[in-house]
Amino acid sequence: QVQLVESGGGLVQAGASLRLSCTGSGRTFTMGWFRQGPGKEREFVAAIILNEGTSYYADSVKGRFTISKDNAKNLVYLQMNSLKPEDTAVYYCAATNRVTGPAPRTYEYDYWGQGTQVTVSS
């Protein structure tokens, strides 16, 4: 069983930066970040293959967000720069041991964190 815990959310102004962290127990192949804004479906943000570091991003965050990992500490980070009001959402960390590719779909993940709120004011 894999347990995931996110941290690092908060309230910031547009243009600011935040770094989210996700710590996980257990072995997984790919970890990802998703977000769910008010009244919206959960959407893919970024994913990283843990044993090689290959990363994937949604078009809406490319060039602004960076996903990275620290295997020794079982941590995955999401560095978010140049935040926009439309980035406001609950951000979820997810993990899968079934997929080692981009994994942009929620059903590809087996484990989820509880979510952390990110609010960007204009």
Side-chain angles (χ1 to χ4, degrees):
Q1 186 72 12
V2 175
Q3 294 183 331
L4 303 174
V5 179
E6 304 99 333
S7 61
L11 171 62
V12 297
Q13 291 188 330
S17 298
L18 275 176
R19 189 178 76 163
L20 306 182
S21 300
C22 175
T23 183
S25 62
R27 179 179 178 180
T28 61
F29 296 154
T30 299
M31 292 188 70
W33 288 96
F34 287 74
R35 65 186 182 186
Q36 188 165 13
K40 298 181 180 180
E41 294 187 354
R42 194 169 297 189
E43 64 175 2
F44 172 74
V45 175
I48 188 166
I49 301 175
L50 295 178
N51 67 349
E52 60 184 59
T54 305
S55 57
Y56 305 90
Y57 298 93
D59 288 343
S60 59
V61 305
K62 278 181 183 176
R64 299 189 298 123
F65 291 11
T66 302
I67 188 170
S68 61
K69 62 185 180 68
D70 185 334
N71 287 347
K73 297 181 180 179
N74 289 332
L75 281 167
V76 172
Y77 303 102
L78 185 67
Q79 177 67 42
M80 305 185 294
N81 298 330
S82 302
L83 282 162
K84 305 175 181 180
E86 51 263 43
D87 294 318
T88 294
V90 177
Y91 283 70
Y92 296 91
C93 177
T96 176
N97 53 21
R98 294 182 287 122
V99 179
T100 56
R105 300 170 185 84
T106 56
Y107 62 78
E108 295 177 296
Y109 292 84
D110 302 302
Y111 308 101
W112 294 84
Q114 81 287 352
T116 185
Q117 177 69 47
V118 172
T119 303
V120 184
S121 63
S122 57

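Since we're looking at a predicted model, the values are computed, not measured.
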Subject >> Test log, rule side chain to side chain contact (heavy atoms under 4.5 Å, CB included), inputs K84 and V120 >> reply: CA-CA 6 Å; K84 305 175 181 180; V120 184; 5.5 Å; no

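- Residues that satisfy the ring pair (Phe, Tyr, Trp, His ring centres under 6.0 Å) test with Y91, not counting sequence neighbours, are absent from this structure.
- Between F34 and W112, the ring center distance clears the sub-6.0 Å criterion.
- Cation-pi geometry between R19 and Y77 is met: under 6.0 angstrom from the ring centre, within 45 degrees of the axis.
- Of the possible polar contacts, none joining the T30 side chain to the I49 backbone as a donor-acceptor pair under 3.5 Å is found.
- For the pair T119 (side chain) and L11 (backbone), a donor-acceptor distance under 3.5 Å is absent.
- Criterion: ILVMFWY side-chain heavy atoms under 4.5 Å apart, direct or through other members. Under it, Y109 and I67 are not part of a common hydrophobic cluster.
- Under 3.5 Å, the side chains of N74 and T23 contain no donor-acceptor pair of N or O atoms.
- The main-chain N or O of R64 is never found under 3.5 Å from a side-chain atom of S82 such that the two would form a donor-acceptor pair.
- Judged by a 6.0 Å distance limit and a 45° cone about the ring axis, R105 is not positioned over the six-membered ring of F44.
- Without hydrogens or angle criteria, K69 side chain to L50 main chain gives a donor-acceptor distance under 3.5 Å.
- Here the side chain of R98 pairs a donor or acceptor atom with the backbone of E108 at under 3.5 angstrom.
- Not one N or O on the side chain of E43 forms a donor-acceptor pair closer than 3.5 Å with the backbone of Q36.
- Although no hydrogens or angles enter the test, the distance criterion places no donor-acceptor pair under 3.5 Å between the side chain of Q13 and the main chain of S121.
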